[in-house]
Protein chains: 2
Amino acid sequence: MHDVDPVAIDTLSHEPDIKYIVPGLKRGLDILKIFNRKRVQMNAPEIAKELQVPRSTIFRLLQTLEYMDLIEKVPNTSNYKLAAGALGLGFEFLASLEITDFANPILEKLSNRTGLSAHVVIRDKTDVVFIAKKSAKLTFSSSVNIGTRLPAHGTVLGRVLLADLSKAELKKLYPESDLVGFSKQTPESVDKLSQVLELDRVNGYAISEAYFENGIGSIAAAIRDGSSKAVAAINVTYQLGTVEESVINGLLLESVLAAAEELSRQLNYSDQKAIRNVG
Amino acid sequence: MHDVDPVAIDTLSHEPDIKYIVPGLKRGLDILKIFNRKRVQMNAPEIAKELQVPRSTIFRLLQTLEYMDLIEKVPNTSNYKLAAGALGLGFEFLASLEITDFANPILEKLSNRTGLSAHVVIRDKTDVVFIAKKSAKLTFSSSVNIGTRLPAHGTVLGRVLLADLSKAELKKLYPESDLVGFSKQTPESVDKLSQVLELDRVNGYAISEAYFENGIGSIAAAIRDGSSKAVAAINVTYQLGTVEESVINGLLLESVLAAAEELSRQLNYSDQKAIRNVG
DNA sequence: AACCAACGTTTCATATATAAAACAATTTTT
DNA sequence: AAAAATTGTTTTATATATGAAACGTTGGTT
C-alpha cells in the first residue's frame, strides 16, 4: 500500500487540506444525493451507472442505507426512494440554527404587511440556502422550498450576504474569474460582482428586477448577529409589473429593512458593534 | 476472511434479511445522527467515545463528512456541527411525498378555523414523523418541529394510522408485547393497543386527552390515498381546560374530519374504493 | 515554567471491504 | 416460446480501509 493518492476517487478536488476520504461513506452519501424532486426513485443498476461504481458495491451500500432507514424499496418495484429517516438530519440542522427560532413569526409579519412571499436564506459557500419561508396568501406562492439552493451571485439575497465579505475572501470563494450568468443583469465576472456588491454594501440592501429569474423582483437585506457578521438574509418577492415603483421603494423596502433589523436584534446585534473596519 | 457475521458491528438487529453493512457508511451516518437539538456540537474524541470507534477512524470519517458539506468546524473550537448540506436530504424526501404539496394550505385553513395548531404526520415503523405543521396564531405554538418523531402508540395521530393495520401486521410491528407508557392512558401492551385501535377504526378518528403529554388534547383523523390506505394523519392540539367539550366534539372534530377528507380527495381517495376487506 | 493530559494527525501491519466474476432470477426481445 | 439481456445476489482473491501505536501539538494544572 504505497503512494496512495488521497481523494483519488474524486477527480476534481479544489479542496486543499482534505486528506483521506472514506470511500464507503462518500459513495453512500453520493447515492442519497442523487435522489431529488426530479428523480424520486431509482434502481441499483441505474445508480451504479450514474456513480460509476460496481453493482456489487452499490448493492451493499443500498442495503446499509436501507438498514439505516434512509432509503426504502418502492413496493412492487426494484426501485429505491428516500425514507423518513432522511428527514431527521435536515431538521436537526435547522433546529441548530438560532435564527430559525425567530424567523417564522417575522416572516409572517413581513408577508402580511406586504402581501408578498417572504424568505430567509443562509449562505453556504457560493450558494444561498432557503431555511424559512412564508408564501403569500393571494398570489401564487414562490416555487422555492426550504433547502432549495440558488447561486449566491445571481440573487439579491446572495448579494447582501456576499457584500459582507472582503475582496480577498470573495476571490478565495470564486477562484475562477468567470461566473455563470442567469439573466442579463447577472455579473459575469468576479470583478463585476465586486462592483455590484460595493453598492449593496453602501445601501445596506439590494433591490433587483429579473436578477435570477425573469419576471420576479426581489428586495433583500442582511441579518446580522452579535458579532455584526451577516449570517442570513431576508427578502420579499413580487411579480414584475404588479407592484408600483413607489410601493417598492416605500412600503416594501421599509418592511424588509424593519424585518431584518428585528431579526438582527433577536440575534443580539446592536448598531454600536457595527464599527466599520474601514473607518 | 471466513465466517464473518453480517451486521456484526451492530449487536441488536431484528432485521431478518439484511446481510452486509458497509462500516464506513454506517459509522459516518451514526456520526451525523448524534448531532441533535440538545447536542449541537461535538469534538472528535467525544464522538469516538460515544460510538466506540477508534479516534483515527473517526478522524477520517469526520474529514469525509466535512468534505461532503454535511458537517463543519465550529470557528475557534475543535468542535463540529451539522452543515448546510445536511438540509438537502430531508427536504428532498419531503418533496418526494405527494402529500406535502397539499398539506400546507389545508393546515392553514384548519388552523384558522379552529384557532389551534395543526399537524400532519406519516408513520415510519413505530414512530410518527411530523411532515407539516401550522402553529396557532394566538396560543403558544406546539413545540414539535417538522422531522420530530413520537412513538405512534402514544399519540392519537399514531393510533389512527396503526388502526389501518391488520392484527398480524401490528404484531409484526411490535414483536415485544410490552409497550412503553407515557401517561396513564397509554396502552401498555399490544393487546391493549389493539383494543383501542378497534375503537378508533370504527370511529374513523381519535380524540385524546393527555394521551402523550399531560395537559395537551388532540383530535386526529387518517388521510387516505387512492388505494384507501391510511398514508398520513392530521390533527389539531389544544391545551386541556381551554376548550369546551361541546366545541371539541363539534367544531374541532368536524374541522379535522373535513380537512382529512379534503386531503384524501387530493390524493385520489374516493369512498367507493373503501370497501372493507372484512366484507 | 515545567509537567501532564488530552487532542489532532500520521504511520503501518493486518483484517476486511471491495471489484470482478459467476450464478440465479427476472424481464425483454425476437 | 425460446433466446438474450438485464438485474439481484453471492463468491473470492486482492487492493485497501482500518485500528493500534506513535508522533507532534495544544491546553490546562501545579
Side-chain angles (χ1 to χ4, degrees), chain A residues 1-11 13 15-31 34 39 41-68 71-81, chain B residues 1-11 13 15-31 34 39 41-68 71-81:
Chain A
M1 193 183 93
H2 318 281
D3 211 32
V4 178
D5 186 19
V7 199
I9 55 175
D10 194 12
T11 42
S13 161
E15 307 290 324
D17 47 352
I18 300 289
K19 296 276 174 60
Y20 294 106
I21 296 295
V22 179
L25 179 53
K26 180 184 184 311
R27 288 164 161 180
L29 296 170
D30 284 337
I31 290 177
I34 64 177
R39 314 173 86 191
Q41 53 186 65
M42 286 182 92
N43 64 7
E46 283 165 4
I47 296 170
K49 263 162 228 153
E50 175 114 359
L51 298 182
Q52 303 254 58
V53 171
R55 275 185 17 244
S56 53
T57 303
I58 291 291
F59 180 71
R60 272 175 282 121
L61 292 170
L62 288 175
Q63 280 197 139
T64 305
L65 291 171
E66 191 175 16
Y67 174 74
M68 300 296 282
I71 61 171
E72 62 189 9
K73 276 236 177 71
V74 181
N76 310 320
T77 72
S78 61
N79 287 347
Y80 289 87
K81 63 172 182 178
Chain B
M1 193 183 94
H2 318 281
D3 213 31
V4 178
D5 185 21
V7 198
I9 54 175
D10 195 14
T11 42
S13 159
E15 308 289 325
D17 47 352
I18 300 288
K19 296 274 175 62
Y20 294 108
I21 297 295
V22 179
L25 178 53
K26 180 184 183 312
R27 288 164 162 181
L29 296 170
D30 283 338
I31 291 177
I34 64 177
R39 313 172 90 196
Q41 52 186 67
M42 286 183 91
N43 65 7
E46 283 164 5
I47 296 170
K49 261 162 231 155
E50 176 113 359
L51 298 183
Q52 304 254 56
V53 171
R55 280 195 357 253
S56 54
T57 303
I58 292 291
F59 178 71
R60 282 183 298 251
L61 292 170
L62 288 174
Q63 280 197 142
T64 305
L65 291 171
E66 190 173 16
Y67 174 73
M68 299 297 281
I71 61 171
E72 63 188 8
K73 276 238 178 70
V74 181
N76 309 321
T77 72
S78 61
N79 287 349
Y80 288 87
K81 62 173 183 178

Chi angles and distances behind the side chain to side chain contact (heavy atoms under 4.5 Å, CB included) call for A:Lys73, A:Tyr80: CA-CA 4 Å; A:Lys73 276 236 177 71; A:Tyr80 289 87; 3.5 Å; yes

How many Å lie between CD1 on B:Ile58 and P on D:dA20, as a whole number? 13 Å

Distance, rounded to the nearest Å, where B:Lys26 contributes NZ and C:dT16 contributes C1': 17 Å

Within this structure, what is the CG-to-P distance between B:Leu62 and C:dG8, rounded to whole angstrom? 9 Å

What's the CG-C1' distance between A:Leu25 and D:dT16, to the nearest Å? 16 Å

As an exercise, state the distance from CG of B:Leu51 to CD1 of B:Ile58, rounded to the nearest 0.5 Å. 5.0 Å

Within this structure, what is the CG-to-P distance between B:Asn79 and C:dA6, rounded to whole angstrom? 17 Å

Note: A:Thr77 and A:Val74 closest approach over all heavy atoms is OG1-O, 2.8 Å

Does any non-hydrogen side-chain atom of B:Met42 lie less than 4.5 Å from one of B:Glu50? yes

To the nearest Å, how far apart are B:Gln63 CD and D:dA17 P? 14 Å

Whole-Å distance separating the CD atom of B:Gln52 from the P atom of D:dG19: 12 Å

Rounded to the nearest 0.5 Å, what's the gap from CG on B:Leu25 to OG1 on B:Thr64? Could you check? 11.0 Å

Distance (rounded to the nearest 0.5 Å) between B:Ile31 CD1 and B:Leu61 CG: 4.5 Å

Close N or O pairs between protein and nucleotides 19-27 of chain C (under 3.5 Å):
unit_1 : atom_1 : unit_2  : atom_2 : d
C:dA19 : OP1    : A:Arg27 : NH1    : 3.1
C:dA19 : OP1    : A:Arg27 : NH2    : 2.8
C:dA19 : OP2    : A:Arg27 : NH1    : 3.3
C:dA19 : OP2    : A:Thr57 : OG1    : 2.1
C:dA19 : N7     : A:Ser56 : OG     : 3.1
C:dA19 : N7     : A:Arg60 : NH2    : 3.3
C:dA20 : N6     : A:Ser56 : OG     : 3.3

With side chains defined as the heavy atoms from C-beta onward, is the minimum distance between B:Lys26 and B:Asp30 less than 4.5 Å? yes

Quick check: on DNA chain D, is the nucleotide nearest A:Gly24 upstream (toward 5') of the one nearest A:Asn43, or the reverse? Name the residue that is more 5'. A:Asn43

Straight-line distance of A:Ile71 CD1 to A:Gln63 CD, nearest 0.5 Å: 9.5 Å

For D:dT6 and A:Lys49 - does any side-chain N or O of the residue sit under 4.0 Å from the phosphate oxygens OP1/OP2? no

Looking at D:dT10, C:dG8, C:dT18, which one has an atom nearest to any side-chain atom of A:Phe59? D:dT10

To the nearest 10 degrees, how far apart in direction are the end axes of the helix from C:dC4-D:dG27 to C:dT30-D:dA1, each fit to five base pairs? 40°

From CD1 of B:Ile21 across to C1' of D:dA17 the rounded distance in Å is 17 Å

CG/B:Leu62 to OG1/B:Thr57 distance, rounded to the nearest 0.5 angstrom? 10.5 Å

